[in-house]
Amino acid sequence: MTDLKLFRLDTDGQDTELRGSTVALEVELQRRVEAGMEAMLGIRFLTSEYPTGPWHRGRIDSLGLDENGTPALIEYKKGADSGVLAQAVSYLSWLDSARHEFEALVKEKLGSEAAESIDWRNPRMVCIAAGFSHHDRVAVRRLRERIDLVRYRVFEGGLLSLLLIESTPGSTRPISDRRQSREREATACAASGDVRASPQTTATAGAVPGCLQNLYSELDEALTVWGEVEVAQLRHYIAYRRMVNVASVIFRPKHEAILLYLKVDPDTVELEEGFSRDMRGIGHLGTGDLEVRIASAADLEKAGPLIRRTFETA
């Protein structure tokens, strides 16, 4: 991935490159990211400086829950630190042994529904630093953990840039008996195509319904043509993400349709009944305020400009 360059247009009409720098104190970066964590990383902030106990011997800079219900741990480094990956793996190991503790924290901060909906299969570690070595970038691809390496820079005028350098999807961990029960219930609902299902019993995204395979193949191509896009199959939907979710896909086999949720402001779209809908204030799975219903190649073609707009502004 190439370096991010920022330019300012001067009064004489010439572009001058802005020179980025690092923060004077690590805590400055931490406080700023924590204040805007949901917008910057798609993570709801829980707490700071969380102790990991006598065995792991550390304090996790920030704990959060991301937009997909996945536990997220965030570590900040003022400069470049070759030990950040070892620290990341250690903290994720702590999380495996502290599930009840983490659930209690989520319940306290975000409520019972969020705590009961935590997806433990692939916890997320975000490392934010001034830079990462080539060896860091190679090593992270060999790990089974889900780790994002994010490079930061600060610029005059209060600007902060976050650039995703490497992102590994990790490997899905086993889920508890309680979660497996919910998964079986969700799968049964998927077979029926019930669109009235509650968040706990809505169709899982694991397998593409046969009647929608061709249409989804075309949609998937339209969503992944925009450069580096990670596709994550979650319990109830498929997420297309960069630093945060950009689009979400849910199947409705009973209606032979695909619901596409995009991070587009519905106020900027001329809504069309039966095709696009403003989802603000309406509970739904997936992330994004604009729902687009795709039931044909014509619908997919019509959705093209909305998909393009989503990724151009992501």
Side-chain angles (χ1 to χ4, degrees), residues 1-43 45 61-62 66-67 74-82 84 126-138 140-141 147-168 221-231 239-247 262-270 287-290 303-314:
M1 188 175 290
T2 57
D3 284 347
L4 174 69
K5 293 182 179 291
L6 295 180
F7 295 85
R8 174 186 288 124
L9 186 64
D10 292 336
T11 54
D12 60 0
Q14 297 296 314
D15 279 303
T16 302
E17 184 177 356
L18 300 180
R19 298 296 179 180
S21 61
T22 61
V23 293
L25 297 172
E26 195 172 285
V27 70
E28 295 176 22
L29 175 64
Q30 178 176 349
R31 295 295 176 253
R32 185 163 180 183
V33 173
E34 286 178 348
M37 188 173 287
E38 191 161 4
M40 294 179 186
L41 302 174
I43 297 172
F45 173 69
D61 289 342
S62 303
D66 83 2
E67 56 198 330
I74 305 93
E75 191 68 18
Y76 311 89
K77 300 296 179 186
K78 172 187 171 183
D81 187 334
S82 60
V84 68
V126 182
C127 304
I128 304 177
F132 300 93
S133 71
H134 173 71
H135 296 298
D136 285 335
R137 298 179 63 172
V138 172
V140 77
R141 299 184 183 187
I147 299 177
D148 293 342
L149 301 183
V150 179
R151 196 196 74 179
Y152 85 92
R153 287 289 186 275
V154 291
F155 300 87
E156 60 180 276
L159 295 176
L160 169 67
S161 73
L162 297 176
L163 182 65
L164 186 62
I165 300 296
E166 290 289 346
S167 181
T168 57
E221 183 176 345
L223 291 169
T224 55
V225 74
W226 301 96
E228 297 185 17
V229 179
E230 178 187 333
V231 183
Y240 290 75
R241 63 182 294 270
R242 284 177 171 166
M243 191 92 73
V244 300
N245 286 1
V246 180
L262 299 172
K263 288 196 171 178
V264 172
D265 183 353
D267 290 337
T268 66
V269 177
E270 186 175 345
T287 54
D289 289 333
L290 181 69
L306 296 172
I307 294 173
R308 181 170 61 251
R309 189 198 305 184
T310 301
F311 282 89
E312 286 177 346
T313 57

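In this chain, numbering begins with 1 at the start of the sequence shown.
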[X] side chain to [Y] main-chain N or O, any donor-acceptor pair under 3.5 Å?
{"X": "Asp12", "Y": "Gln14", "answer": "yes"}
{"X": "Tyr152", "Y": "Val23", "answer": "yes"}
{"X": "Glu67", "Y": "Asn245", "answer": "yes"}
{"X": "Lys78", "Y": "Ala24", "answer": "yes"}
{"X": "Arg242", "Y": "Phe311", "answer": "yes"}
{"X": "Arg153", "Y": "Ala130", "answer": "yes"}
{"X": "Asp289", "Y": "Asp265", "answer": "no"}

Let me confirm one number: the [atom1]-[atom2] distance from [X] to [Y], rounded to the nearest 0.5 Å.
{"X": "Ile43", "Y": "Met37", "atom1": "CD1", "atom2": "CE", "value": "6.0 Å"}
{"X": "Phe45", "Y": "Leu41", "atom1": "CZ", "atom2": "CG", "value": "12.0 Å"}
{"X": "Thr287", "Y": "Lys263", "atom1": "OG1", "atom2": "NZ", "value": "5.0 Å"}
{"X": "Leu149", "Y": "Asp136", "atom1": "CG", "atom2": "CG", "value": "6.5 Å"}
{"X": "Thr268", "Y": "Leu290", "atom1": "OG1", "atom2": "CG", "value": "8.0 Å"}
{"X": "Arg309", "Y": "Leu262", "atom1": "CZ", "atom2": "CG", "value": "9.5 Å"}

Point to revise | Atom of Gly42, atom of Val244 and distance for their closest heavy-atom approach | key: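 Residues Gly42 and Val244, closest heavy atoms: N-CG1, 3.1 Å.
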Side-chain contact test, heavy atoms from C-beta onward, threshold under 4.5 Å: evaluate it for [X] versus [Y] and give yes or no.
{"X": "Leu18", "Y": "Phe7", "answer": "no"}
{"X": "Ile307", "Y": "Leu223", "answer": "yes"}
{"X": "Glu26", "Y": "Leu29", "answer": "no"}
{"X": "Cys127", "Y": "Phe132", "answer": "yes"}
{"X": "Val229", "Y": "Val246", "answer": "no"}

Practice item. Could you tell me whether Glu221 atom CD has more than 12 heavy atoms of other residues or ligands within 6.0 Å of it? Key: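 Not buried by this count: 12 neighbours or fewer within 6.0 Å.
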Less than 4.0 angstrom from a charged side-chain N to a carboxylate O is my criterion; do [X] and [Y] meet it?
{"X": "Glu34", "Y": "Arg31", "result": "yes"}
{"X": "Glu156", "Y": "Arg8", "result": "yes"}
{"X": "Arg241", "Y": "Asp148", "result": "yes"}
{"X": "Glu166", "Y": "Arg141", "result": "yes"}

